[in-house]
2 protein chains.
Amino acid sequence: MLSKKTKYALHALTYLGKHKDEKTVLIQDIAEEHGISHKFLENILLELKKAGMLGSKKGKGGGYYLIKEPKDIPLSKVIRLLDGPIALLPCVSLNYYEPCAECKTEALCGINKVMIQVRDETLKILENKTLEDILKIG
Amino acid sequence: MLSKKTKYALHALTYLGKHKDEKTVLIQDIAEEHGISHKFLENILLELKKAGMLGSKKGKGGGYYLIKEPKDIPLSKVIRLLDGPIALLPCVSLNYYEPCAECKTEALCGINKVMIQVRDETLKILENKTLEDILKIG
DNA sequence: ATAAACCCTATAAAATAAATAGGGTTTATA
DNA sequence: TATAAACCCTATTTATTTTATAGGGTTTAT
């Protein structure tokens with residue numbers, strides 16, 4: 001399951017996407033809209049900013065704003081940033097690979113093979129669906 | 001990511017599958033083979049048994065054994081039993097549905113729609129791949 | 001000047017996952 | 001029929017991760 005961090009990040013990005021005609025959006029406004037703790041959300045927005053997914057303006061009248069087109073923000077990127085691996089096993093993760101402790105021969109592991117399939121099908125969706133797709137509906 | 005419980009369960013079932021010509025298999029043998037704590041594994045095997053996925057024989061000379069053909073044990077069933085929901089969000093879980101707290105209108109939520117797709121593609125694999133498929137390789 | 005806003009790091013609280021403990025019950029076999 | 005080997009059951013503890021909070025620091029429009 002996705003963590004709250006990731007869910008909050010997706011909601012925040014959606015909110016920013018909806019208000020992209022405004023110059024900046026306040027943390028507070030996003031937090032209130034979705035019932036998220038201001039401070040918790042602040043940490044998440046900072047992470048998104050460090051990852052180059054959004055920009056901010058300090059000082060009075062400042063706030064956050066998207067610096068990319070929604071179509072250029074794949075959901076996989078958001079999830080990986082906040083949650084880590086998308087794969088169901090460390091041994092099939094593309095971005096966070098680790099061998100499985102209890103597994104002797106990865107090359108001959110049937111569980112491994114199935115989870116590679118799951119990973120690939122999941123990524124087919126999450127790498128191609130973007131913030132734009134979410135904005136279309138919600 | 002799958003929990004250790006689920007991974008251990010899959011390994012234990014695989015081990016039982018490989019030794020299905022023997023009448024019973026000891027917890028201890030499975031635990032040693034995969035470096036799992038005997039007691040932890042015992043709890044997992046009990047859960048599998050309660051769920052009707054394997055049988056056991058008490059007393060001296062006893063142990064565990066499969067009571068179904070490997071082809072009749074879909075991986076989805078094992079994962080759901082030990083880990084709970086397969087879906088990435090509670091609001092798209094078929095077996096463990098719950099509304100999302102921060103979501104106002106599920107029907108109009110773009111995140112929800114994408115995660116339904118991910119769920120369906122994942123289930124297409126996990127409900128059709130069985131212990132037999134794992135045994136074929138490992 | 002000053003108030004409003006983001007920036008940063010550290011810590012605490014809560015929830016979950018993983019492991020351990022300790023005995024109870026059953027049964028093959030000597 | 002005594003006994004040892006094996007599963008059965010529940011509760012508790014420990015470790016890890018997630019979620020949230022705290023407390024200030026820095027920047028900037030007005």
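In what follows, every chain begins at residue 1, and chains take the letters A, B, ... in the order their sequences are listed.
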(request) Verify whether one side chain among E121(B) and Q117(B) offers a donor that lies under 3.5 Å from an acceptor in the other. (result)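 No pair is found: no donor N or O on one side chain lies under 3.5 Å from an acceptor on the other.
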(request) Examine dA15(C): is either OP1 or OP2 under 4.0 Å from a nitrogen or oxygen in the side chain of K4(A)? Give yes or no. (result) no
(message) As a test of your reading of the structure, name each stem of DNA chain D as range with range, where a stem is three or more consecutive Watson-Crick or G-U pairs at under 3.5 Å.
(response) C:1-30 with D:1-30
(request) Step through it carefully: locate the ring centre of Y15(A), locate the ring centre of H19(A), and say whether they are under 6.0 Å apart. (result) yes
In whole angstroms, how far is the [atom2] atom of [N] from the [atom1] atom of [X]?
| X | N | atom1 | atom2 | answer |
| --- | --- | --- | --- | --- |
| F40(A) | dA12(C) | CZ | P | 18 Å |
| E47(B) | dA18(C) | CD | P | 12 Å |
| K39(A) | dA12(C) | NZ | P | 17 Å |
| L26(A) | dA3(C) | CG | C1' | 14 Å |

Going by heavy atoms in the side chains, are [X] and [Y] under 4.5 Å from each other?
| X | Y | answer |
| --- | --- | --- |
| R80(A) | I86(A) | yes |
| K7(B) | I79(B) | no |
| Y64(B) | L46(B) | yes |
| E69(A) | K20(A) | yes |
| F40(A) | K5(A) | yes |

(message) By nearest heavy atom, map E42(A) and K60(B) onto DNA chain D; which one lands nearer the 5' end?
(response)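 The residue closer to the strand's 5' end, by nearest nucleotide, is K60(B).
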(request) Would you mind telling me which residue lines up with the more 5' stretch of DNA chain D, H38(A) or D83(A), judged by nearest nucleotide? (result) D83(A)
(message) Mind checking if L45(B) touches a base, just sugar-phosphate, or nothing, with heavy atoms under 4.0 Å?
(response) nothing
(request) At the 4.0 Å heavy-atom cut-off to chain A, mark where contacts on DNA chain D begin and end, going 5' to 3'. (result) dT19(D) to dA29(D)
(request) Mark yes or no for whether T14(B), through its side chain, and L10(B), through its backbone, hold a donor-acceptor pair below 3.5 Å. (result) yes
(message) Looking at T6(B), is its backbone amide N or carbonyl O close enough to the side chain of D83(B) to form a donor-acceptor pair, meaning the two atoms are under 3.5 Å apart?
(response) no
